[in-house]
Amino acid sequence: MKTAAVVLLFARGAFGQTPDAPGPSLLETLRAAAAASPEVLAATRRRDEAALEEPLLLANLDPKAIASYAAIDDRRPRAVPAFEGSRARIDRWEAGLTQTTLLGTEAKLAFQSERLVNATAFRPLNPTVDSRLTFEFKQRLARYFWGRPDRARRARARSGVAAAQAALERTLSDALLRAARAHVELAYADALVAIRERGVEDAKRLLEKYEERRRFGLAENSDVLQAKASLELQEIEAMVARSLAERARVSLGAAVFSSSTPRGLRAGPVDFIPSRSALAVGEAEAMSRVPELMIARHRAESLRWSARLARLDTLPDLSLDASYSFAGLETGYRRSWSDMSTWRHPVSMVGMSVVFPLGFRHETLTRRQADLQLAQAEAEVASIEASARRRWRDVGEQLSLSSARVAAARRLFELEKRKYDSGLEDFKRGRASTDLLVRFQQDIRRAEADLLRAQTDERTALFEAADASGQLTRTP
């Protein structure tokens, strides 16, 4: 009877699990964290904003329509009123189109009319209407046609977009890593609570057994006190485990940005774990995918184009100016337009212009500032690359250690089970005590908790490896 009771006591030991309502799976947790993260949303908006820079540059090339009208009543004193007239009234009209190009070309096609009323004996035509159809052309040579700053600006815009995309991947990867850690830690904490609670139940049954034996004089007071101490220890460990589980629920709720209370939140099945191929890609390929390194490299590239623009700005603004127009002159608008349309009165102009600062102080300082910013960015690239390589190697070592710990913990767990089975057989034959079986069962639970911790650390290390190689955002 005694043997059967003890066998029943320990048969309900380390391997029973109380079924719980399943929570969201790990993959569902990752998707919820990515969808609800305000940091990811903000990074997405910054990426979309950066993507507008190049279209904005190209939008400046859209043609523009111009139109103007001015009415002038000129009564200023004249030196010779008899020839110049004492009053002039002018109606001035202009309409046309302007266009700029990526080469810095400024083109303008305009139709202009000016009607002058100025009564004087020496003006055979009064009023007079001067109409012109003009094509104007201005080409900046040094800064634009030769230097092509448009290429630098567009390349800088593309680098900004690439940096913003890498920043988005970094933010998303951080959100996924936080959610994965919180999920696996909650799964570990819930399993640990189950282990500790089974230990409490077994300690209570053991205490009841010893108290019953003491009533029959088969156990000493020290045996009962030892059972009570064991029960107290198991209850403390269960309390700590429950507190750990509650904190893990809070972390998981924060990782998925849930506004509801985390109490009762559970971690569902772990249906996604990054493969070990994350470490098989090689260090060089991994460095080409690390988001923070990509951010630094694209920012350095953007500053490299900014430095080129600063160098171009130190060049003189040399430009070629030309215009060609047809004119017409008559006493009315229609007749003036008809005279212009005969194309018999062309007017042409060709010239050069140059604008340059006398001291070049502002341009020199701007160029020096751009060069310093580029040097700083390149130094940051080297620093971030060194940190990324160190993390990559550290994660590889951590994953190797975690895998070795899992294998060792699994072997220890199997040994503890075999030791308990052997002790149970000895107990049935009267060659082992109850205390020995209690210690053996506690050893099983300790080994089970160690195996659970090692498996959790291995899962976390796999997520760390995927993050260190820039592959965590490729979650299905």
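Since this is a predicted model, take the numbers as computed values, not measurements.
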Would you check if the side chain of [X] reaches a backbone N or O of [Y] as a donor-acceptor pair within less than 3.5 Å?
| X | Y | value |
| --- | --- | --- |
| E28 | S25 | yes |
| T105 | T101 | no |
| R140 | S319 | no |
| R474 | G470 | yes |
| S469 | A466 | yes |
| S403 | L399 | yes |
| R143 | L315 | yes |
| S230 | Q226 | no |

Verdict with reasoning, K417 to E414, per salt bridge (charged side-chain N to carboxylate O under 4.0 Å, His left out): CA-CA 5 Å; K417 289 194 295 183; E414 294 299 327; 3.4 Å; yes
pair [X]-[Y]: side-chain heavy atoms closer than 4.5 Å:
| X | Y | result |
| --- | --- | --- |
| E283 | R393 | yes |
| D457 | V406 | no |
| P274 | Q471 | no |
| Y420 | E416 | no |
| E39 | D174 | no |
| I295 | R170 | yes |
| D48 | L52 | no |
| Q442 | Q234 | yes |

Lys/Arg-Asp/Glu bridge criterion (N-O < 4.0 Å) met for D443, R446: yes
Side-chain ion pair, R453 and E185, N-O less than 4.0 Å: yes
Candidate pair D467 and R178, rule salt bridge (charged side-chain N to carboxylate O under 4.0 Å, His left out), full reasoning: CA-CA 11 Å; D467 180 64; R178 285 196 303 269; over 6 Å; no
Validation: residues 366-388 side-chain donor-acceptor distances under 3.5 Å, sequence neighbours left out:
unit_1 : atom_1 : unit_2 : atom_2 : d
T366   : OG1    : H362   : O      : 2.8
E378   : OE2    : R304   : NH2    : 3.1
E385   : OE2    : R389   : NE     : 3.3
E385   : OE2    : R389   : NH2    : 2.9
S387   : OG     : S383   : O      : 3.2
S387   : OG     : R390   : NH2    : 3.4

Option passing side chain to side chain contact (heavy atoms under 4.5 Å, CB included) with V193 (candidates R242, M239, E237, R198): R242
Spacing of [X] atom [atom1] and [Y] atom [atom2] [to the nearest 0.5 Å]:
| X | Y | atom1 | atom2 | answer |
| --- | --- | --- | --- | --- |
| R153 | L309 | CZ | CG | 5.0 Å |
| L252 | R247 | CG | CZ | 15.0 Å |
| L57 | R154 | CG | CZ | 8.5 Å |
| L26 | L186 | CG | CG | 11.5 Å |
| E397 | S400 | CD | OG | 5.5 Å |
| I444 | I195 | CD1 | CD1 | 11.5 Å |

Criterion salt bridge (Lys or Arg N to Asp or Glu O under 4.0 Å) against E54, the qualifying member of R158, R156, R151: R158
Shortest non-hydrogen contact between [X] and [Y], atoms and distance:
| X | Y | answer |
| --- | --- | --- |
| L231 | V200 | CD1-O, 3.8 Å |
| V354 | P316 | CG2-CB, 4.1 Å |
| A164 | R46 | CB-O, 4.2 Å |
| A465 | V395 | CA-CG1, 3.2 Å |
| S288 | R297 | CA-NH1, 4.2 Å |
| A107 | F135 | CB-CE1, 4.2 Å |

Is it true that, when you exclude [X] itself, more than 12 heavy atoms of the residues, nucleotides or ligands shown sit nearer than 6.0 Å to its [atom1]?
| X | atom1 | result |
| --- | --- | --- |
| E211 | CD | yes |
| R299 | CZ | no |
| F356 | CZ | no |
| K204 | NZ | no |

[X] and [Y]: side-chain donor and acceptor closer than 3.5 Å?
| X | Y | result |
| --- | --- | --- |
| H298 | S159 | no |
| S173 | T473 | no |
| T100 | E106 | no |
| S353 | D321 | yes |
| K108 | T98 | no |

Working for side-chain contact (heavy atoms from CB on, under 4.5 Å), residues L415 and K419: CA-CA 6 Å; L415 286 174; K419 183 178 72 173; over 6 Å; no
side-chain contact (heavy atoms from CB on, under 4.5 Å) between R276 and L462, intermediate numbers included: CA-CA 7 Å; R276 294 180 180 271; L462 285 169; 3.9 Å; yes
Criterion salt bridge (charged side-chain N to carboxylate O under 4.0 Å, His left out) on R45 and E49, from CA distance to verdict: CA-CA 6 Å; R45 295 294 181 263; E49 179 185 1; over 6 Å; no
Candidate pair F463 and L176, rule side-chain contact (heavy atoms from CB on, under 4.5 Å), full reasoning: CA-CA 9 Å; F463 278 99; L176 294 176; over 6 Å; no
Residues D190, R249; criterion side-chain contact (heavy atoms from CB on, under 4.5 Å); working and verdict: CA-CA 10 Å; D190 284 339; R249 289 185 226 288; 3.1 Å; yes
